[in-house]
Amino acid sequence: MSQLVLNSIYIENSDFFHLRETLKSYKNQKIFLLVDENTRRFCFPILKPALQDFDIYLIEIQSGEINKVIKTCEFIWETLLSQQANRNSIMLNLGGGVLTDIGGFVAATFKRGMKFINIPTTVLGASDAAIGGKTGVDLNMLKNQIGVFAKSEAVFINPVFFKTLSIRQVNSGLAEIIKSALIANKNLWQTLLDAHLLQIMNWEQIVNESVKVKAEIVERDPLENGDRKLLNFGHTIGHAIETYSLKNDEDPLFHGEAIAIGMICESYISMKKLSLDKAEFGQIVKYLINQYHVYVIAPDSVNELIELMLQDKKNTDDQINFTLIDKIGEGKIDQYIDAELIRESISFYTDYVNTIEK
């Protein structure tokens, strides 16, 4: 059965009942479906039967973080113009975090705002990116420097889409679920520890729990003035590593892979700065190292990583702002950390990785 999780967020079964009901009110308006080459090929056929009663115009963009830029927005805006879209039109964003980020931004800014619906097709999108009203694009390879807060009309999550993903893509999305557990849901953390084989995880259960964490935090603080900063755990260092990898690696890290490294480093800082005890810290590190392939951070790249952190949107007065954890399930916002401790945390990760490789 389809079910309402929270605040217009639905976990749907194959008939997409609530999506079809929602679209009935737009039957006389133009409905656009934004896809990339992967979701058009693998996910649109799953969704297509639910859309057969509606006149849908498909817009296709190229996949990947490298395409989450203003140039891609211009293509979508120009297509909307050519198809005579207006503020009463609606955009359906079918894809992962990159696509829902850019689709939401394009819709929110076209003619000062048209409505949009997110249909995430990845674990990352379903558990994080499609929820909460953050939209945006990258600038000069810095993450989400241009964007607006804009709430989607609804989010429709269907775990059947996850079957179209590689194990690496699934793992990338799992990082955001891990983050939700570490900042606010210790029971979810235990569920993750007990689910030894990714293939047999109950996605509906763990996505539901992760969605509730994010949606409840966003409801308290939609514009990220306070509690919403909890969701940034792992992302200060993680985003810097992701950007560095995009600029320098032939096969760049996925978002969640970088965030996993960020969570290890920021857990180390939490142990040094706050009250995260060594046992819980060790449990976090062991789980993340076992879940994700190691990534070698060259010593001469650390200065560049810190420079990237200084560009983070959350900073104030040139101080690098972190969200840390006091203990598993309890996050703490607005922790300003100096470069020396950041370097120490990256060194810890590097030394740990070197030990494994030997």
Side-chain angles (χ1 to χ4, degrees), residues 1-61 63 75-123 125-126 129-131 133 135 150-165 203-204 207-208 211 215:
M1 289 289 291
S2 297
Q3 61 168 311
L4 175 64
V5 177
L6 197 68
N7 298 335
S8 300
I9 302 169
Y10 298 86
I11 294 183
E12 294 272 58
N13 59 17
S14 57
D15 69 357
F16 286 95
F17 172 79
H18 285 102
L19 173 62
R20 290 186 287 110
E21 289 297 303
T22 300
L23 289 180
K24 284 179 181 178
S25 60
Y26 295 95
K27 203 159 188 179
N28 297 321
Q29 308 297 335
K30 289 184 179 290
I31 303 174
F32 296 88
L33 179 66
L34 184 66
V35 296
D36 60 33
E37 73 277 12
N38 296 316
T39 58
R40 177 187 54 77
R41 179 181 177 187
F42 297 109
C43 301
F44 180 51
I46 296 170
L47 181 65
K48 191 175 181 179
L51 302 178
Q52 61 185 356
D53 295 332
F54 305 96
D55 186 16
I56 305 291
Y57 186 90
L58 215 64
I59 303 175
E60 183 177 333
I61 61 174
S63 63
F75 166 74
I76 305 171
W77 286 321
E78 288 166 1
T79 304
L80 291 171
L81 273 177
S82 71
Q83 295 301 313
Q84 299 179 315
N86 58 47
R87 293 176 71 178
N88 295 316
S89 304
I90 190 162
M91 177 102 78
L92 312 182
N93 300 318
L94 180 69
V98 169
L99 196 139
T100 57
D101 276 358
I102 198 168
F105 176 69
V106 164
T109 50
F110 182 74
K111 294 186 183 291
R112 296 198 176 99
M114 62 183 277
K115 294 180 174 63
F116 66 96
I117 284 171
N118 287 333
I119 309 171
T121 60
T122 65
V123 179
I131 299 162
T135 72
K151 190 175 185 297
S152 63
E153 292 298 291
V155 178
F156 298 96
I157 298 167
N158 192 329
V160 70
F161 289 128
F162 303 163
K163 296 178 182 178
T164 70
L165 304 174
W203 283 115
E204 186 169 328
V207 169
N208 191 322
V211 165

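Only this structure's heavy atoms are used, side chains among them; waters, hydrogens and symmetry mates stay out. One-based numbering along the sequence shown.
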Check your understanding: Which distance, rounded to the nearest 0.5 Å, do you find between the OG1 of Thr121 and the CD1 of Ile46?
Key -> 9.0 Å

Practice item. Could you note down all residue pairs passing salt bridge (charged side-chain N to carboxylate O under 4.0 Å, His left out) where residues 29-57 supplies at least one of them, sequence neighbours left out? Key: Arg40-Glu60

Check your understanding: So do the side chains of Thr164 and Cys43 get within less than 4.5 Å of each other, counting heavy atoms only?
Key -> yes

Point to revise | Gap separating the OG1 atom of Thr135 from the NZ atom of Lys151, nearest 0.5 angstrom | key: 14.0 Å

Point to revise | Leu23 side, atom CG; Ile31 side, atom CD1 - distance, nearest 0.5 Å | key: 5.0 Å

Exercise for review: Using atom types as modelled and distance alone, determine if a side-chain donor or acceptor of Glu12 lies under 3.5 Å from a backbone N or O of His18.
Suggested key: yes

Exercise for review: Report the C-alpha separation of Phe161 and Ile119 in whole Å, then their side-chain angles, then the decisive distance to 0.1 Å, and conclude whether the side-chain contact (heavy atoms from CB on, under 4.5 Å) test is met.
Suggested key: CA-CA 10 Å; Phe161 289 128; Ile119 309 171; 4.0 Å; yes

Revision key, fill the gap. So ring-ring contact (aromatic ring centres under 6.0 Å, His included) across residues 25-51, not counting sequence neighbours, yields Phe32-Tyr57

Check your understanding: Could you give all pairs that pass the salt bridge (charged side-chain N to carboxylate O under 4.0 Å, His left out) test and reach residues 76-93, with sequence neighbours left out?
Key -> none

Study note, to complete from the structure: Between the CG atom in Leu19 and the CG atom in Leu51, the distance rounded to the nearest 0.5 Å is 6.0 Å

Exercise for review: Would you please name every residue forming a side-chain contact (heavy atoms from CB on, under 4.5 Å) with Phe75, sequence neighbours left out?
Suggested key: Ile59, Ile61, Thr79

**Study point:** salt bridge (charged side-chain N to carboxylate O under 4.0 Å, His left out) partners for Glu21, two or more places apart
**Key:** Lys24

Side chains of residues 90-116: which donor-acceptor partners sit under 3.5 Å, not counting sequence neighbours?
unit_1: Asn93; atom_1: ND2; unit_2: Asn118; atom_2: OD1; d: 3.0
unit_1: Thr100; atom_1: OG1; unit_2: Gly96; atom_2: O; d: 3.3
unit_1: Thr100; atom_1: OG1; unit_2: Gly97; atom_2: O; d: 3.3
unit_1: Asp101; atom_1: OD2; unit_2: Lys68; atom_2: NZ; d: 2.9
unit_1: Thr109; atom_1: OG1; unit_2: Trp77; atom_2: NE1; d: 3.4
unit_1: Thr109; atom_1: OG1; unit_2: Phe105; atom_2: O; d: 2.7
unit_1: Thr109; atom_1: OG1; unit_2: Val106; atom_2: O; d: 3.3

Practice item. Nearest 0.5 Å please: distance from the CZ atom of Phe156 over to the CZ atom of Arg20. Key: 11.0 Å

Practice item. Provide the closest heavy-atom pair for Ile157 versus Ala126 in the form atom of the first, atom of the second, distance. Key: CD1-O, 3.6 Å

Exercise for review: Apply side-chain contact (heavy atoms from CB on, under 4.5 Å) to the pair Leu47 and Leu33, showing each step before the final yes or no.
Suggested key: CA-CA 11 Å; Leu47 181 65; Leu33 179 66; 4.3 Å; yes

